[in-house]
Amino acid sequence: MTEFVEPIRTALLERPFAFLSPFDGDEFAALLLVAGSDITSREQHELAQALVAQSCRYAVCAGESPSSWDDAIDEAAAGGELQGAPTYGFELTTWREGEPLEEVVAFFLGPALADDAEPLHRIALLVGGTAAQLASLEDALRRAGRRPVLRIGGSSCGTA
């Protein structure tokens with residue numbers, strides 16, 4: 001009998017960068033590969049809040065200004081706690097500046113991410129990029145060879 005392996009979901013987020021989790025409230029790990037250099041701080045803030053509110057437990061940020069994305073997600077988690085909202089056990093954000101895509105993907109899929117608590121669900125989001133860039137991200141995920149890759153949604157991972 002073959003064991004089911006949860007695929008890594010991928011999606012291209014375009015303006016308005018809305019996010020609707022495909023995981024029905026379950027916790028997930030997210031890779032944000034930011035390709036757009038014209039994303040406003042308000043758009044960044046709203047996407048960070050959406051990720052945290054929808055059970056993102058781990059976030060790996062790469063691409064354009066990854067440290068500011070790391071900070072935005074941390075602030076969204078802290079803001080939720082201050083307002084009494086659940087943060088779903090939010091534990092880790094990290095940013096990977098100037099690293100090759102293969103290294104970023106290896107980190108995202110590696111055991112260091114989950115600190116011995118392997119998340120069942122993972123999603124890789126290309127923020128503000130192109131279909132060709134999304135295909136490159138999916139190729140890197142496939143080469144890592146751990147799980148199948150499944151592209152979802154249009155510009156918002158569903159119908160947000």
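Since we're looking at a predicted model, the values are computed, not measured.
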How far does [atom1] of [X] sit from [atom2] of [Y], to the nearest 0.5 angstrom?
X: Ser65; Y: Gln44; atom1: OG; atom2: CD; answer: 7.5 Å
X: Phe28; Y: Gln54; atom1: CZ; atom2: CD; answer: 6.5 Å
X: Phe108; Y: Leu32; atom1: CZ; atom2: CG; answer: 9.5 Å
X: Leu51; Y: Glu46; atom1: CG; atom2: CD; answer: 12.0 Å
X: Leu137; Y: Leu126; atom1: CG; atom2: CG; answer: 6.5 Å
X: His45; Y: Asp71; atom1: NE2; atom2: CG; answer: 13.5 Å

(request) Decide yes or no on side chain to side chain contact (heavy atoms under 4.5 Å, CB included) for Glu14 and Leu12, but give the supporting numbers first. (result) CA-CA 6 Å; Glu14 299 170 309; Leu12 171 61; 3.9 Å; yes
(message) So does Arg96 get a backbone contact from the side chain of Glu99, meaning a donor-acceptor N/O pair under 3.5 Å?
(response)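 Side chain of Glu99 to backbone of Arg96: no pair is present.
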(message) Taking Leu31's backbone N and O only, do any of them form a donor-acceptor pair with Arg122's side chain (distance below 3.5 Å, no angle check)?
(response)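 The answer is no, because no donor-acceptor pair under 3.5 Å joins these two groups.
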(request) Start with the C-alpha gap between Arg142 and Asp139, add the side-chain angles, then the distance that decides, and say whether side chain to side chain contact (heavy atoms under 4.5 Å, CB included) holds. (result) CA-CA 5 Å; Arg142 281 187 194 95; Asp139 287 343; 3.5 Å; yes
(message) Tell me if the centroids of the rings in Tyr58 and Phe107 come within less than 6.0 Å of each other.
(response)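 No, they do not, as the ring centres are separated by 6.0 Å or more.
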(message) With ring-ring contact (aromatic ring centres under 6.0 Å, His included) as the rule and sequence neighbours excluded, what pairs involving residues 120-142 come up?
(response)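 Checked against ring-ring contact (aromatic ring centres under 6.0 Å, His included) - neighbours excluded - the pairs reaching residues 120-142 are Phe23-His121.
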Shortest non-hydrogen contact from [X] toward [Y]:
X: Ile123; Y: Ile152; result: CD1-CD1, 3.9 Å
X: Val52; Y: Ala77; result: CG1-CA, 3.8 Å
X: Pro66; Y: Gly63; result: CD-O, 3.1 Å
X: Ala124; Y: Ile8; result: N-CG2, 4.5 Å
X: Ser55; Y: Gly25; result: OG-O, 3.0 Å

(request) Taking the side chain as every heavy atom from C-beta outward, state whether Glu103 and Leu101 have any atom pair closer than 4.5 Å. (result)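 Glu103 vs Leu101: side chains apart.
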(message) A side-chain contact here means heavy atoms from C-beta on lying under 4.5 Å apart; do Trp69 and Leu47 qualify?
(response)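 In short, these two side chains touch, coming nearer than 4.5 Å.
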(message) Under 3.5 Å, is there a donor on one side chain and an acceptor on the other for Glu138 and Thr10?
(response)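 A donor-acceptor contact under 3.5 Å links the two side chains.
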(message) For residues Leu134 and Val60: do they belong to one hydrophobic cluster (side chain heavy atoms under 4.5 Å, members Ile, Leu, Val, Met, Phe, Trp, Tyr)?
(response)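 Yes; Val60 is reachable from Leu134 via cluster members.
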Quick one: side chains of residues 33-40, donor-acceptor pairs under 3.5 Å with protein atoms, not counting sequence neighbours, listed by atom name and distance.
residue, atom, partner, partner atom, Å
Asp38, OD2, Arg15, NH1, 3.3
Thr40, OG1, Glu43, N, 3.0
Thr40, OG1, Glu43, OE1, 3.3

